[in-house]
Amino acid sequence: MTEPPAPAIRLDHVSRSFGEVTAVDNVSLDILDGEFFTLLGPSGSGKTTCLRIIAGFDQPDAGRVLLHGADVTQLPPYEREVNTVFQDYALFPHMEVGANIAYGLMIRSVAKPERVRRVAEMLDLVRMPGLESRRPSQLSGGQRQRVALARALILHPRVLLLDEPLGALDLKLRQQMQVELKAIQQQVGITFIYVTHDQEEALTMSDRVAVFNVGRVIQIGSPAELYEHPASPFVAGFVGVSNLISGELAQRITGSAETFSVRPEKISLQAVEQPSPDGHVSVKGSVRDVVYLGVHTRYLIELEGGGDLTVVEQNRDTTSMDVMSARGRQVRLVWDPKHNRRVSDGGGAALDPAG
Ligand code: ATP
């Protein structure tokens, strides 16, 4: 039998402390060759420290880093087949775009005709053909980030590390660049390791995501797995909006007081006098807050007997006037119990509707 190929990156029981702070706490994970893999977590959860350890800018106190099966823990950054793109671009302001992109080739003494050819190839890849002679100051934020990407990719690293590369861009441009980055990654087929605290960004681009909290990996999975089967209340709350239900209400709904979650878009609002469909969960409440968001509306519902739930509904047949007038109204919340997810057992399993 042939051995499965070594992962592009393996972190093997990696820890790193700064004084009293444990930035990375015994993290083990495998990132496959060609994967778009995201380290997602709140500020200070250890994502950047992990990335710096992979790049070789920082050393773990314990554990090993393997690149394509080889232990590189002791190697300096320039001896690792990885390259990094940072949020602040780090372009040379006095050099033209072409020279910025060709920089790595120049210090490797690659001949000029080949440099020119490869720079043109890279500018095509990042959809900026013909802009070799611009200066960074003549570019938009999105274009600068593309140049930074081209400069990193021209050296054909086997792994590209990206630390919040879109963080400085406005929302619209960021969303556009997310789609482009993913397309470029698929085109070049290189392993991308991406750091972000933005869950939507992580879900949009990644093949798999590792969710970090206080230095630990809480869950690793595809965007759909994390969203539909969060393994802990932390993941349920951090990846998308989630309603956590516990105690008496949970007991009434599932027959057990154990905490479960249900996503806001799985719940429908209807008039209290309308009967709920057979086999569905039905809870009464009143609308405490309404946020009209164009495509959809977010309602905060105060439940009879205490607690509240968030519900999101598409504005298919409703106008902003309709939804705003819902405030204070008595409503019935209805959902199929198959959307209840246990969140305290580490598995994020669907609950047995029978309880
Ligand atoms: P952010 O999204 O804010 O960049 P992060 O998840 O990337 O956060 P890290 O930058 O890895 O988190 O930091 C993890 C913890 O380690 C934080 O508490 C941080 O203050 C601490 N830390 C990181 N680098 C250093 C350092 N060089 N010296 C001291 N403490 C550090």
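Only heavy atoms go into these numbers, but all of them, side chains included; no hydrogens, no water, no symmetry mates. In listed order, ligands and their atoms are each counted from 1.
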[atom] - nearest protein heavy atom and its distance:
| atom | result |
| --- | --- |
| atom 2 (O) of ligand 1 | K47 NZ, 2.9 Å |
| atom 23 (C) of ligand 1 | F18 CE1, 3.5 Å |
| atom 16 (O) of ligand 1 | A23 CB, 3.2 Å |
| atom 3 (O) of ligand 1 | S43 OG, 2.6 Å |

For atom 19 (C) of ligand 1, state whether the nearest protein heavy atom is under 4.0 Å away.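 No, there is no protein heavy atom closer to it than 4.0 Å.
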So, for atom 12 (O) of ligand 1, does the protein have a heavy atom nearer than 4.0 Å?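 Yes.
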Looking at ligand 1, does P42 have a heavy atom less than 4.0 Å from it?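 Yes.
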Do R208 and L32 come within less than 4.5 Å of each other through their side chains, counting heavy atoms only?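 A side-chain contact exists here, since the closest heavy-atom pair is under 4.5 Å.
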For ligand 1, which part of T48 has a heavy atom less than 4.0 Å away: the side chain, the backbone, both, or neither?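 Under 4.0 Å from ligand 1, T48 contributes backbone and side-chain atoms.
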Flag yes if more than 12 heavy atoms outside E200 fall under 6.0 Å of its CD atom; otherwise flag no.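 Atom CD in E200 is not packed in, count stays at 12 or less.
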Around atom CZ of R332, are there more than 12 heavy atoms from other residues, nucleotides or ligands closer than 6.0 Å?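 More than 12 heavy atoms, drawn from other residues, nucleotides or ligands, come within 6.0 Å of this atom.
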Could an N or O of ligand 1 be found under 3.5 Å from any N or O of H197, whether backbone or side chain?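 For ligand 1, there is no N or O atom that lies under 3.5 Å from one belonging to H197.
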Can you find an N/O atom of G46 closer than 3.5 Å to an N/O atom of ligand 1?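 G46 vs ligand 1: N/O contact under 3.5 Å present.
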Between [X] and [Y], is there a side-chain N and carboxylate O pair less than 4.0 Å apart?
| X | Y | result |
| --- | --- | --- |
| R10 | D71 | no |
| E121 | R118 | no |
| R252 | E248 | no |

Checking the side chain of T38 only, and the main-chain atoms of L40 only, is there a donor and an acceptor separated by less than 3.5 Å?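 Pair absent, no side-chain N/O of T38 close to backbone of L40.
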Please could you name the atoms of ligand 1 that T49 approaches to less than 4.0 Å, counting only its heavy atoms?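 Numbered from 1, ligand 1 contributes 9 (P), 11 (O), 13 (O), 23 (C).
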Evaluating non-hydrogen atoms only, which member of G44, G41, S17 is closest to atom 8 (O) of ligand 1?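 Selected option, by shortest heavy-atom distance: G44.
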What is the minimum heavy-atom distance between P77 and F57, and which atoms define it?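 Looks like CG-CD2, 3.7 Å.
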